Amino acid sequence: MNINLEEKFAEQYHKKADAVYFTPGRVNLIGEHIDYNGGLVMPCAITLGTWVAIAPNNDHKFRFKSLNFEIQTLVESNIVNDKDGSLWANYPIGVINEFIKDGKEINGVDFLFYGNIPIGSGLSSSASIEIATAYALNSYFDLGYDQLELVKIAKRVENDFIGLNSGIMDQFAVAFGEKNKAIVLDCETLKYKMVDVDLGKYVLAIINTNKPRELADSKYNERVAECQTALKLLNQEITLHYLCELTAEKFALHSHLITDETILNRATHVVKENDRVHLAAKALNGGNLEEFGRLMYASHESLRTLYEVSGKELDTVVDFCTDYDHVIGARMTGAGFGGCAIALLEKGFEEDFAKQLTNDYVDKIGYPATIYISEIGNGPHLTTDTYR
Ligand code: GLA
């Protein structure tokens, strides 16, 4: 699809856009469901993302339009607003509310969004639109926030306004992404390192299960609560702020405090997944992609059996990858319950992989998955390339 966002902006608003910004989506290479447990995660930005064209107006209104949705939303400026009926606009509204609460004066702005991240696919379309709004307004009006402040604001929107008790990984990843690099982020201290991703003879494939998300948000919040329960139980004997402060050895010494099997499984996943990220970072730095792939499979297995956030669709994809000779690692990425898997696929086998996976997936699930070969892209920026 070829879209000229400036042209579309002029059609919608009968005036010129002043600036167009791009913000990516993300995949998480490894370290799943541990950001809210103070763990180490390894996401990277992708080249799919959200574009936003903006122009200020003089009528004290924020107008939100999107080429992906029909509904246009209007909000009076400088009023801290409730949620709007049209879901997608809540993300930019939430961000503007935070800016206003912070005492920033922004009069009125017309927005036109366009995104090519499949929505609800686990590639962070919501963090992308949050950071897209925050970054665009901060840059255009010189509001003086640094990148980490924007990340924290976007996370507050997600937690307090949207109601998902998510960690900081997605907002951080889309805001700090760099081409061909992964971010190794400690979610407790927010210290991070950019690591070169040299996949050698492999490419990163993203497989969207196209499974509609059902109950994903409530199940997500349930997992967060289960981890808090585990933390409370462990704190009877030791003092911990986050589950990921535990090494596997220390966890073994105190895990008897958790008698409920489900809670124990959740905590076991968290502690071991955190260890896997340390090992994966070492493997990537040392160019040991086979080891990295092995850790991806182990991560998926743990998310499937201990954390129970996978599902038939994601498992079908990962099982196919396990049996396919030219994939060395695969796992679900993001929150799970559907959404996307990622795989390290040998170059030259893209077409064959897509064909065989599609056959197998349709056979077992009844509708096709979508397969992308992904590039690791840059974080938010002003863009003059208005054709998508
Ligand atoms: C979602 C959340 C993140 C993270 C992942 C799972 O993407 O927004 O904070 O918890 O799920 O790793």
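This structure is a prediction, so every number in the text was calculated from the model and none was measured.
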Ionic contact status for [Y] with [X], cut-off 4.0 Å:
X      : Y      : value
Glu301 : Arg304 : yes
Lys155 : Asp170 : no
Asp196 : Lys181 : yes
Arg156 : Glu98  : yes
Lys364 : Glu313 : no

Exercise for the section: Without swapping roles, check the side chain of Lys347 against the backbone of Gly200 for a donor-acceptor pair under 3.5 Å. Expected result: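 At least one qualifying donor-acceptor pair exists.
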Near-ring test [Y]/[X], centroid separation under 6.0 angstrom:
X      : Y      : answer
Tyr21  : Phe111 : no
Tyr192 : Phe176 : yes
Tyr220 : His33  : yes

Practice task
Applying ring-ring contact (aromatic ring centres under 6.0 Å, His included), run through His326 and Tyr202 and close with a yes or a no.
Solution key: CA-CA 9 Å; His326 304 282; Tyr202 298 95; 9.5 Å; no
Exercise for the section: Would you tell me whether Asp110 and Asn57 have side-chain atoms, one donor and one acceptor, within less than 3.5 Å of each other? Expected result: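 Side-chain D/A pair, Asp110 to Asn57: present.
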Problem - Arg276-Ser299 side chain donor-acceptor pair, cut-off 3.5 Å - result: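 No pair is found: no donor N or O on one side chain lies under 3.5 Å from an acceptor on the other.
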Problem - Beyond-backbone contact of Met296 with Ile342, side-chain heavy atoms, under 4.5 angstrom - result: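 Yes, their side chains come closer than 4.5 Å.
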Practice task
Compare all side-chain heavy atoms of Glu273 with those of Tyr307 and state whether any distance is below 4.5 angstrom.
Solution key: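 A side-chain contact is absent here, since even the closest heavy-atom pair is not under 4.5 Å.
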